[in-house]
Amino acid sequence: MSTGTKWEERWHPLREEWVIIAAHRQDRPWSGETVPDKAASNDAPQYVDDCYLCPGNPRVGGRRNETYTGIYVFDNDHPCVGENAPVDLTAPSGIYRNRPANGLARVLCYSPKHNVTLAELETDEIQRLLVAWRDQYAELGARPEVNHVLTFENKGEVVGVSNPHPHCQLYATNFVFKTIDTEAKVCRRHLEATGRVLFQDILQAEREDGRRIIYENSSAIAFMPYFARYAYECYVAPKETHSSLLGFDAAELKDFADALKNLVVRFDNLWRMSFPYVMTLHQAPTDGTDHSGFHFHIEFHPPLRKPHLLKYLAGPEIGGGNFLSDTLPESKAEELRSLPDRHYKKDLV
Ligand SMILES: [Zn+2]
Ligand SMILES: [Zn+2]
C-alpha cells in the first residue's frame with residue numbers, strides 16, 4: 001500500500017551512502033513521550049511508574065516490560081529498520097535506487113534502576129554490559145540480511161533523549177553505516193600497504209606523545225585522539241587488536257570495563273553534572289568480508305564545549321563535511337586527566 005513509499009532505504013549517489021526513510025515513525029509516541037521533570041532530576045527515584053523502560057511497565061504499542069533485574073533487551077516497538085519493512089517498493093526515477101529497510105532495531109536497558117547512568121554502574125555491571133553487547137553483536141550479526149550492528153547510546157536532552165533511564169540502541173542493518181564503512185576500508189588499505197593495523201599505529205603515536213592519554217591499564221586505554229573533532233571526543237580501545245568484542249578474553253573485558261568507567265566518571269566530574277554524549281561502538285561489519293585490520297573501539301562524541309554551550313554543527317561541518325574545532329585536544333585531555341576518577345555523586349550523600 002502507500003506505506004511502501006514511507007519506509008525504505010534510499011541511495012545517496014553523491015555521498016555514496018544509504019539514507020533510511022522511516023517516515024512511518026513520524027507519529028510514534030516513542031519520541032514524543034516525555035518523562036516528568038522528577039524523572040530527569042538528579043534525585044529521581046529508582047523506579048518511575050510512567051517510564052516505558054522501567055521493569056514491568058507498559059510500552060507504547062501495548063507490550064509490557066518484563067520485571068527484569070539485570071540487563072534487558074527488547075525489539076524496538078517503532079523500529080527504523082525491521083522485519084516488517086515493506087518489500088513492494090515503488091521504483092524511483094532514473095538513476096535513483098531504493099530497497100527495503102529490513103533488519104532489526106533493539107533497545108537495551110543497562111539496569112532496572114531508572115536513576116543511574118553508565119558512569120554510575122559498578123565495573124562488574126559494565127563488564128556484564130560488554131558481554132550483552134557482544135552477544136547482541138554475535139546474534140544479530142549472524143543474520144543473513146544483517147551486514148552491520150550499530151550499537152550506540154544517545155545520552156542527555158541536548159542529544160534529544162528525554163528519558164534518562166540508562167539504555168542504548170542497536171540497529172542491525174542491511175548496509176554498513178558510513179563511518180564504520182570508511183574505517184573498515186581505510187583499515188584494510190593500511191594493512192595491505194604496510195602489514196600493520198592502523199589503530200595500532202594510532203595507539204603508538206598517542207603513546208609516543210602521551211599528552212592525550214586519559215587513562216590506561218594493562219590491556220585497555222582511554223584517550224583523546226590527536227585529530228579530535230569535538231572538544232571532549234574520546235576513544236576507549238583494547239591494546240590488542242580485536243575486530244569486535246567477540247575476541248575479548250575475560251581479563252580484557254574487565255580491563256575494558258575499568259577504562260570505560262574511568263572515562264565516563266571523569267566526564268561527569270568535569271562539570272559535576274550528568275555529561276551528555278553520543279557513544280558508539282565501532283565493531284567490524286558482519287558482511288562476510290575479512291576485517292582482520294579492524295580494531296574495535298568505542299567513540300564518544302560529546303556535544304558540549306562548556307556546561308551550556310553546544311558545539312553547533314554549521315557551515316564547515318554540515319555544509320562542507322569537515323570539522324572546525326575551537327579547542328586544543330592536548331589541553332582538553334589534560335583537563336579530563338586532572339579530574340578525580342571517583343564519581344562526584346558518591347560524596348554527595
Ligand atoms: Zn525508567
Ligand atoms: Zn572509529
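As the structure lists them, so they are numbered: ligands from 1, and atoms in each ligand from 1.
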query = Does R99 make a cation-pi contact with W18, if we ask for NZ or CZ under 6.0 Å from the ring centre and within 45° of the axis?
reply = yes
request  = Using only N, O or S atoms, tell me which atom of H282 is closest to the Zn ion (ligand 2).
outcome  = ND1
remark   = In H165, the N/O/S atom nearest the Zn ion (ligand 1) carries the name ND1
Student check: side-chain heavy atoms of P45 and H114 closer than 4.5 Å = no
query = Measuring to the Zn ion (ligand 1), does C109 have an N/O/S atom at a distance below 2.8 Å?
reply = no
query = Which of the N/O/S atoms in H114 sits closest to the Zn ion (ligand 1)?
reply = ND1
task = For the pair N57 (side chain) and Y52 (backbone), establish whether a donor and an acceptor sit closer than 3.5 Å, ignoring hydrogens and angles.
result = no
ask   = Any idea how Y232 and W271 line up, ring-wise: parallel (<30°), tilted (30 to 60°), or perpendicular (>60°)?
value = perpendicular
task = Looking only at N, O or S atoms, find the one in E299 nearest to the Zn ion (ligand 2) and name it.
result = OE2
ask   = What's the atom name of the N, O or S in E183 nearest to the Zn ion (ligand 2)?
value = OE2
inquiry  = Is the ring pair Y277/F267 parallel, tilted or perpendicular, if the boundaries are 30 and 60 degrees?
reply    = tilted
